K.L.:
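This is the structure I want to talk about, given as structure tokens.
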Amino acid sequence: MEIMDVDEWQAEYMLIAENTERRGEAESDPVKKGRHAAFLKEYWKAGHGGNRSTRPMVALKDIAESIGESERTTQRLIKLNDLIPELQSLVSDGAIGVRAAEQLAYLTVQEQSILFQQKGNSLGEMTNYNGNEQSHYGGHFIPARTVVFKFPIN
């Protein structure tokens, strides 16, 4: 056993790396993977500029590579951190896909809460889509994968 004197960030980074190595496989829960990617983005200061002489530039590409995903999927996974816990649970359980969940993450916390209160676990059925089919909505054609909700906010 080796005892090291490290700050909180370094300790958390080491813990994540140790858990990943011990498991020997990539994380399958998209919400956990999103937390991991967001932590790495903050830890590595990805895309934040700063003093390059003391810290090499780390891009989203590097984070994506470290978690075994594409850059676009990594962006989606990071966005899952903006979901309320109830919606994150639906994503973790597979009731809502990552793409639909990413779109829900653009709603405010209040809108997400109202949506979950009104639809609960059946929300997963509303967010499923099939291929590249298109739907007619408000006089415009939109991709079927686009999630459109209309609900009153009291």
Side-chain angles (χ1 to χ4, degrees), residues 1-117 119-132 142-149 153:
M1 174 184 243
E2 183 178 344
I3 298 175
M4 301 170 72
D5 184 24
V6 296
D7 64 21
E8 183 179 332
W9 281 99
Q10 183 69 20
E12 189 170 355
Y13 178 78
M14 292 170 63
L15 181 63
I16 290 171
E18 170 74 22
N19 286 340
T20 302
E21 185 178 320
R22 188 169 22 101
R23 284 188 203 119
E25 60 185 52
E27 179 62 62
S28 60
D29 181 345
V31 174
K32 288 181 182 176
K33 197 176 253 191
R35 285 187 195 128
H36 183 167
F39 173 80
L40 291 175
K41 182 178 179 184
E42 181 65 27
Y43 180 77
W44 288 340
K45 306 288 186 211
H48 285 247
N51 186 351
R52 301 240 193 314
S53 64
T54 60
R55 183 184 299 239
M57 180 63 180
V58 176
L60 184 64
K61 174 185 71 157
D62 301 309
I63 295 168
E65 187 177 298
S66 76
I67 65 169
E69 296 290 350
S70 69
E71 287 182 60
R72 183 64 189 119
T73 298
T74 300
Q75 289 173 325
R76 287 185 179 114
L77 293 171
I78 290 171
K79 188 66 182 168
L80 299 182
N81 290 293
D82 294 340
L83 290 172
I84 61 173
E86 296 86 352
L87 295 180
Q88 287 181 345
S89 291
L90 291 175
V91 175
S92 293
D93 294 342
I96 299 177
V98 172
R99 287 181 180 186
E102 176 202 15
Q103 296 305 307
L104 293 173
Y106 288 101
L107 297 173
T108 67
V109 169
Q110 181 185 15
E111 290 168 336
Q112 290 179 41
S113 295
I114 291 169
L115 185 61
F116 183 77
Q117 288 169 5
K119 300 300 178 185
N121 292 339
S122 67
L123 183 59
E125 298 166 14
M126 297 174 61
T127 58
N128 290 333
Y129 64 90
N130 187 7
N132 291 323
I142 58 172
R145 67 181 180 161
T146 303
V147 180
V148 178
F149 296 104
I153 299 179

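In this text, all values refer to a predicted model and were calculated from it rather than measured experimentally.
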K.L.:
Apply side-chain contact (heavy atoms from CB on, under 4.5 Å) to residues L104 and L123 and explain how you reach the verdict.
P.N.:
CA-CA 11 Å; L104 293 173; L123 183 59; 4.2 Å; yes
K.L.:
Rounded to the nearest 0.5 Å, what separation is found between the CG atom of L77 and the CZ atom of R72?
P.N.:
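Answer rounded to 0.5 Å: 10.0 Å.
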K.L.:
If you look at every heavy atom in R35 and N81, which pair is closest and at what distance?
P.N.:
CG-OD1, 3.2 Å
K.L.:
For A37 versus I78, what's the shortest heavy-atom pair and its separation?
P.N.:
CB-CG1, 3.7 Å
K.L.:
Over all heavy atoms of both residues, which pair between Q112 and L107 is shortest? Give the atoms and the distance, please.
P.N.:
NE2-O, 3.0 Å
K.L.:
Report the distance from atom NZ of K41 to atom OG1 of T74, rounding to the nearest 0.5 Å.
P.N.:
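Atom-to-atom, K41:NZ and T74:OG1 are 10.5 Å apart.
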K.L.:
Got a donor-acceptor contact below 3.5 angstrom from the E102 side chain to the Q75 backbone?
P.N.:
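Checked: no pair found.
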K.L.:
Taking the side chain as everything from C-beta on, heavy atoms only, tell me whether I114 gets closer than 4.5 Å to Q110.
P.N.:
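Sidechains of Q110 and I114: in contact.
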K.L.:
Is any side-chain heavy atom of L87 less than 4.5 Å from a side-chain heavy atom of L115?
P.N.:
no
K.L.:
Do L40 and I67 come within less than 4.5 Å of each other through their side chains, counting heavy atoms only?
P.N.:
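In short, these two side chains touch, coming nearer than 4.5 Å.
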K.L.:
Within a strict 4.5 Å, meaning less than it, do heavy atoms of the N121 and D93 side chains meet?
P.N.:
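They are not in side-chain contact.
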K.L.:
Determine the minimum heavy-atom distance between P30 and L80, stating which atoms define it.
P.N.:
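The pair with the smallest heavy-atom distance is O-CD1, 3.8 Å.
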K.L.:
If I take atom CZ from residue R76 and atom CD from residue Q103, how far apart are they, to the nearest 0.5 angstrom?
P.N.:
8.0 Å
K.L.:
Take atom CD in E71; do more than 12 heavy atoms of anything else shown fall under 6.0 Å from it?
P.N.:
yes
K.L.:
What are the two closest heavy atoms between A101 and I96, and how far apart are they?
P.N.:
N-CG2, 3.7 Å
K.L.:
Sequence neighbours left out, what passes side chain to side chain donor-acceptor pair (under 3.5 Å) with S89? Give chain and number order.
P.N.:
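For S89 there are no side chain to side chain donor-acceptor pair (under 3.5 Å) partners, ignoring immediate neighbours.
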